[in-house]
Amino acid sequence: MTLNDLQTGDTGIIQQIHGSGAFRKRITEMGFVKGQVVKVIKTTPFKGPVEYRIMSGTVSLRRSEASMIDVTFGPDPVVKDADALKPIITESTDLENGQKPGRKIRVALLGNPNCGKTSIFNRLSHSNERVGNYSGVTVGSKQAIVNFRGYEFEFTDLPGTYSLSAYSDDEIVVRQFLANHKPDIVVNVIDGGNPERHLYLTSQLVDMGIPLIVALNMYDDLQARGDKLDYLKLGELIGVPFVPTIGRHGRGKGKHRLMNRIIDVFEDREPVVRHTHINYGKELEYSINKIEQTLFKYRKELKGLHIRYFAIRALERDDFCIHKISSFEGFEDDVRPIITQEINRLELLFKDDIETLISNARYAFIAGALKETYKKGKRDKALSRTQRIDRVLTHKIWAVPIFLLIIFGMFHATFSIGQYPMNWIEAGVDWLGNSLSTLIPEGMVRDFLIDGVIGGVGGVIVFLPNILILFFIISLMENTGYMARTAFIMDRVMHLFGLHGKSFIPMVMGFGCNVPALMATRMLENRRDRLLTMMIIPFMSCSARLPVYILIAGAVFPNHAAHVIFLMYLVGILFSVVMAVVFNSTIFKKAEAPFVMELPPYRAPGMRMVLKHMWLRGAQYLKKMGGVILIASIVIWALGYFPRDVEYSKDYDTLIAAEENKLEKLDAATSQGETRQIIQSENEGQADKIRQQISMLEISRENEQQAGSYIGQLGHAIEPVISPLGFDWKMGVSLLAGFAAKEVVVSTMGVLYQVSGENTVSLQEKLGEQVYTEGEMAGMKIYHPLAAISFLLFVLLYLPCVSVIVTIGREAGSWKWSGLVVFYTTFLAWFVSFCVYQLGSLF
Ligand code: GDP
Ligand code: MG
């Protein structure tokens with residue numbers, strides 16, 4: 001019987017795990033080991049992954065993967081050999097007593113994903129790194145320096161890792177960090193709610209023999225559940241000090257306690273620290289010793305690293321380790337045959353593969369240690385709350401509609417709530433422009449400030465509230481734990497298109513900004529999945545595209561703007577999925593990666609953190625405004641301002657002078673004692689007409705000047721390419737400028753339209769008023785619905801901004817991929833807009 005045969009609510013006991021080595025190893029690290037009790041919690045729609053309860057965590061697996069795990073029925077766990085459970089701890093003799101490098105302490109934070117490492121890091125160093133309630137939030141390593149009691153601490157926050165095997169890019173980062181940087185102290189953060197699973201990594205670190213402290217995090221949860229963990233005794237047992245911490249609000253004492261403990265361990269004053277060995281049982285120990293002896297003569301090459309650790313890893317067939325030691329002279333003759341011989345001996349003896357044997361031994365050690373020190377509480381409020389919430393949010397049928405509703409709500413809120421502060425900022429920008437125009441005399445300086453700077457930057461700054469709201473909501477999704485559920489809900493659907501469920505998380509993150517989303521693809525274990533996800537992330541409408549959507553949709557569809565915007569996001573998802581299928585059937589070879597994913601309990605989001613992040617995002621947006629957007633606006637303004645000696649089709653100066661003359665005469669007539677009311681109002685009506693005529697003439701002159709400027713010439717040069725899409729030259733130029741950053745599309749429009757219009761009208765209103773002045777379209781609105789849709793689609797699909805292109809190149813390891821993205825997205829954008837506009841025009 002396999003795990004797949006169990007129904008919702010059933011429990012089973014794991015007997016054996018089949019499948020590839022990588023799969024078995026990954027799943028073992030998550031707690032699926034022989035003898036463990038596993039409970040089926042729930043299934044997802046469309047025969048998607050299934051949620052299981054294992055140890056004290058929740059993990060989801062695909063059905064195909066569950067079928068590789070043999071189980072037997074039973075609520076009663078198999079009684080293990082009592083002796084095997086006893087932790088046997090031996091003192092080590094080969095402890096290195098190396099010199100301490102001054103008073104600088106380099107501390108690395110290490111632990112499973114989602115145990116609160118980054119929260120602790122932020123507390124310790126007053127940093128604001130990204131925190132989220134799902135695995136894979138931290139990408140790469142982050143460092144911070146803190147001074148405390150005369151020591152300089154260098155903290156490094158690392159991505160989460162279940163073990164020290166190197167599967168995903170994240171895990172490789174961690175291993176390489178340990179190997180290359182050799183931190184003085186490793187703080188192993190564990191989730192107090194699931195010590196059994198989290199101590200697996202601890203056991204590997206103990207083997208490694210590096211100075212270690214365990215931060216027993218989520219201590220608040222542990223206490224709330226009524227669990228009893230005698231961490232002092234546990235620490236003594238394995239020779240590692242345990243410090244309870246609360247990453248979320250661990251102010252003052254908890255934080256200083258941890259730092260004091262670090263100093264004590266660093267200075268060798270900590271009484272608990274003892275170098276210990278995990279005893280793997282008689283047979284395994286025999287093999288480990290044998291390999292250790294053959295490795296002994298290479299101790300110089302191993303540069304003080306633990307020989308026993310290498311022996312264990314070599315026995316585990318760990319590529320990383322074998323690769324390292326295989327470069328030693330004589331390895332092939334002396335060492336490799338012994339390793340192979342011992343592996344064969346053990347596998348034959350126990351009729352199981354060596355990786356499983358070793359991890360079983362590790363879990364047995366942990367179980368033994370916990371047996372004496374850990375007592376689970378009766379009430380698990382967090383768990384039952386999570387299950388209640390999940391009954392709705394991951395419901396078989398309702399999960400997907402609810403997800404869509406949440407996303408729709410998100411955009412609706414972004415648009416409708418954002419409208420109010422947006423109007424205030426708009427009013428402020430107007431006021432600034434008007435005051436400046438009365439203060440500064442007419443001329444180039446005034447044009448530069450009002451048309452260039454305020455037109456450009458002011459056009460973009462009004463969208464700040466929308467962006468803040470969007471990031472606030474995404475941050476909520478990340479921090480409550482819903483984000484992890486989206487991957488779980490969507491795995492089946494994504495699978496239909498050859499995507500991995502986990503790809504969905506970076507995709508949703510892409511709504512915020514594509515750059516961190518591209519980095520988040522590191523959580524995907526398979527390179528093919530990663531590349532494929534990176535190729536389609538640019539279709540996820542990032543917050544920089546939002547201003548364009550709001551501007552155009554608001555101008556052209558004032559009553560349905562939120563719907564149009566939501567539609568654009570959906571179309572983006574649709575295209576990403578379609579392109580995934582196209583890529584799958586062309587350049588990417590299909591390869592399955594297991595869907596093994598933890599579903600963390602729902603947590604109330606740390607509001608301080610969420611708000612802080614929102615603020616940081618806002619600050620980033622403002623910085624962009626003072627940087628790339630300002631520069632782009634100035635460049636666009638200058639290109640539109642010069643040359644000044646454009647040839648006009650009419651003699652505007654004379655025409656305007658003539659009109660002004662008429663106006664003067666009229667004024668004179670009015671003031672010459674004509675008192676009859678009717679004539680006065682008639683005259684006023686006439687004066688208004690003349691004034692209008694003058695402003696029309698001025699606008700046409702500006703338009704002609706602009707059309708003759710450098711940017712106008714550029715615009716007209718690209719007209720043949722863009723006019724079949726329904727765009728005029730100003731739209732074309734804005735799109736070109738948008739290459740620097742998508743917001744620049746808006747700032748460019750701000751500059752281009754600022755010139756030709758009254759300052760009191762908002763950019764949105766101006767767009768709505770634009771009409772063609774010449775050619776067969778003369779008199780027609782430039783921004784009519786069809787052209788607007790075509791334009792929005794183009795903005796959605798066409799080439800991503802410079803930072804995205806650079807990130808793709810760096811993350812994919814080759815500029816080839818960046819090039820591919822640039823070309824295919826732009827071509828696709830043109831093609832889609834062309835089809836939409838041309839087909840639409842037929843009706
Ligand atoms: P990382 O993946 O290990 O870096 O974990 P994060 O720092 O991103 O935190 C994961 C989640 O756990 C976030 O939702 C945090 O708010 C939450 N968290 C962190 N520390 C604690 C804690 O001590 N108690 C509780 N209840 N939640 C915590
Ligand atoms: Mg983190």
Side-chain angles (χ1 to χ4, degrees), residues 56-58 108-125 127-144 155-162 168 170-171 173-174 177 186-195 197-198 201-202 214-225 227 229 231 242-255 257-258 380-383 385-386 474-485 505 509 516 519-520 522-523 597-613:
S56 303
T58 311
L109 291 164
L110 218 72
N112 287 15
N114 209 34
C115 63
K117 296 174 296 300
T118 306
S119 302
I120 291 187
F121 175 80
N122 286 345
R123 288 284 158 203
L124 289 171
S125 63
S127 309
N128 293 305
E129 289 304 332
R130 208 186 168 90
V131 171
N133 190 11
Y134 61 100
S135 336
V137 183
T138 308
V139 262
S141 51
K142 302 270 158 49
Q143 275 171 340
F155 290 109
T156 308
D157 182 28
L158 291 165
T161 174
Y162 290 108
S168 63
D170 273 350
E171 289 172 356
V173 169
V174 173
F177 182 86
V186 168
V187 172
N188 175 207
V189 183
I190 69 171
D191 174 357
N194 191 357
R197 225 269 317 283
H198 283 253
L201 178 65
T202 315
V214 171
L216 183 61
N217 198 32
M218 315 244 175
Y219 199 68
D220 51 341
D221 278 1
L222 185 141
Q223 284 181 318
R225 264 196 314 271
D227 290 359
L229 180 62
Y231 58 87
F242 276 59
V243 184
T245 55
I246 301 172
R248 215 164 20 177
H249 345 260
R251 288 220 193 106
K253 250 173 50 193
K255 168 178 147 185
R257 199 162 30 185
L258 184 59
D380 196 341
K381 267 195 206 145
L383 177 66
R385 187 184 59 205
T386 292
I474 292 183
S475 192
L476 276 189
M477 279 170 55
E478 289 185 340
N479 277 283
T480 48
Y482 185 64
M483 204 68 140
R485 266 72 184 185
I505 294 179
M509 281 171 72
M519 313 246 269
R522 290 188 192 183
M523 72 169 86
M597 189 160 152
E598 229 181 321
L599 296 176
Y602 285 104
R603 293 200 176 97
M607 266 305 156
R608 227 180 74 135
M609 210 62 223
V610 171
L611 289 175
K612 211 168 197 170
H613 260 273

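First listed ligand is number 1; within each ligand, the first listed atom is number 1. Positions are given from 1, in the same order as the sequence printed here.
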> Relative to the heavy atoms of N479, which atoms of ligand 1 are at a distance of less than 4.0 Å?
Replying inline: 14 (O)
>> Under 4.0 Å from a heavy atom of I246: which atoms of ligand 1 are those, numbered in the order shown and with their elements?
In response: 23 (O)
>> Given the ring of Y602, does R485 sit roughly above its face, with NZ or CZ under 6.0 Å from the centre of the six-membered ring and within 45° of the axis?
In response: yes
> So do T245 and L216 actually touch side chain to side chain, heavy atoms under 4.5 Å?
Replying inline: no
> Any non-hydrogen atom of C115 lying under 4.0 Å from ligand 1?
Replying inline: yes
> Which bit of D220 gets closer than 4.0 Å to ligand 1, counting heavy atoms only: side chain, backbone, both or neither?
Replying inline: side chain
> Does a side-chain heavy-atom distance below 4.5 Å link I190 with N217?
Replying inline: no
>> If you define the side chain from C-beta out and look only at heavy atoms, does anything of N122 sit under 4.5 Å from R248?
In response: no
> How does N114 reach ligand 1, if at all, at less than 4.0 Å between non-hydrogen atoms: by side chain, backbone, both, or neither?
Replying inline: both
>> Quick check: G116 and ligand 1, any N/O pair under 3.5 Å apart?
In response: yes
> Checking side chain to side chain contact (heavy atoms under 4.5 Å, CB included) for the pair H198/C115: CA distance, chi angles, key distance, verdict?
Replying inline: CA-CA 9 Å; H198 283 253; C115 63; 3.7 Å; yes
> Hey, which atoms in ligand 1 end up nearer than 4.0 Å to a heavy atom of D221?
Replying inline: 26 (N)
> Could you walk me through whether M597 and T58 pass the side chain to side chain contact (heavy atoms under 4.5 Å, CB included) check?
Replying inline: CA-CA 8 Å; M597 189 160 152; T58 311; over 6 Å; no
> For ligand 1, which atoms, with element, lie under 4.0 Å from some heavy atom of S119?
Replying inline: 6 (P), 7 (O), 9 (O), 15 (C), 19 (C)
> If you round to the nearest 0.5 Å, how far is OG of S119 from CG of D157?
Replying inline: 9.0 Å
> So, do N188 and L201 sit near enough that their side-chain heavy atoms are less than 4.5 Å apart?
Replying inline: yes
>> At less than 4.0 angstrom from any non-hydrogen atom of G247, what atoms of ligand 1 do you find?
In response: 20 (N), 21 (C), 22 (C), 23 (O)
> So, is Y219 polar-close to ligand 1, with some N/O to N/O distance under 3.5 Å?
Replying inline: no
> From Y482 OH over to I474 CD1, what is the distance, rounded to the nearest 0.5 angstrom?
Replying inline: 13.5 Å
> Can you tell which of E478, R248, K117, R123 gets a heavy atom nearest to atom 27 (N) of ligand 1?
Replying inline: R248
>> One pair to check against side chain to side chain contact (heavy atoms under 4.5 Å, CB included): H613 and R608. What are the steps and the verdict?
In response: CA-CA 9 Å; H613 260 273; R608 227 180 74 135; over 6 Å; no
> If you draw a sphere of radius 2.8 Å around the Mg ion (ligand 2), how many protein N/O/S atoms end up strictly inside it?
Replying inline: 2
>> Taking 4.0 angstrom as the limit and counting only heavy atoms of N217, give me the atoms of ligand 1 inside it, by number and element.
In response: 20 (N), 21 (C), 23 (O)
> Roughly how far, to the nearest 0.5 Å, is CZ of F177 from OG1 of T156?
Replying inline: 3.5 Å
>> For a side chain to side chain contact (heavy atoms under 4.5 Å, CB included) check, start with the C-alpha distance between V214 and V243, then their side-chain angles and the critical distance, and finish with the verdict.
In response: CA-CA 6 Å; V214 171; V243 184; over 6 Å; no
>> Test your reading of the structure: does T118 have an N or O sitting under 3.5 Å from an N or O of ligand 1?
In response: yes
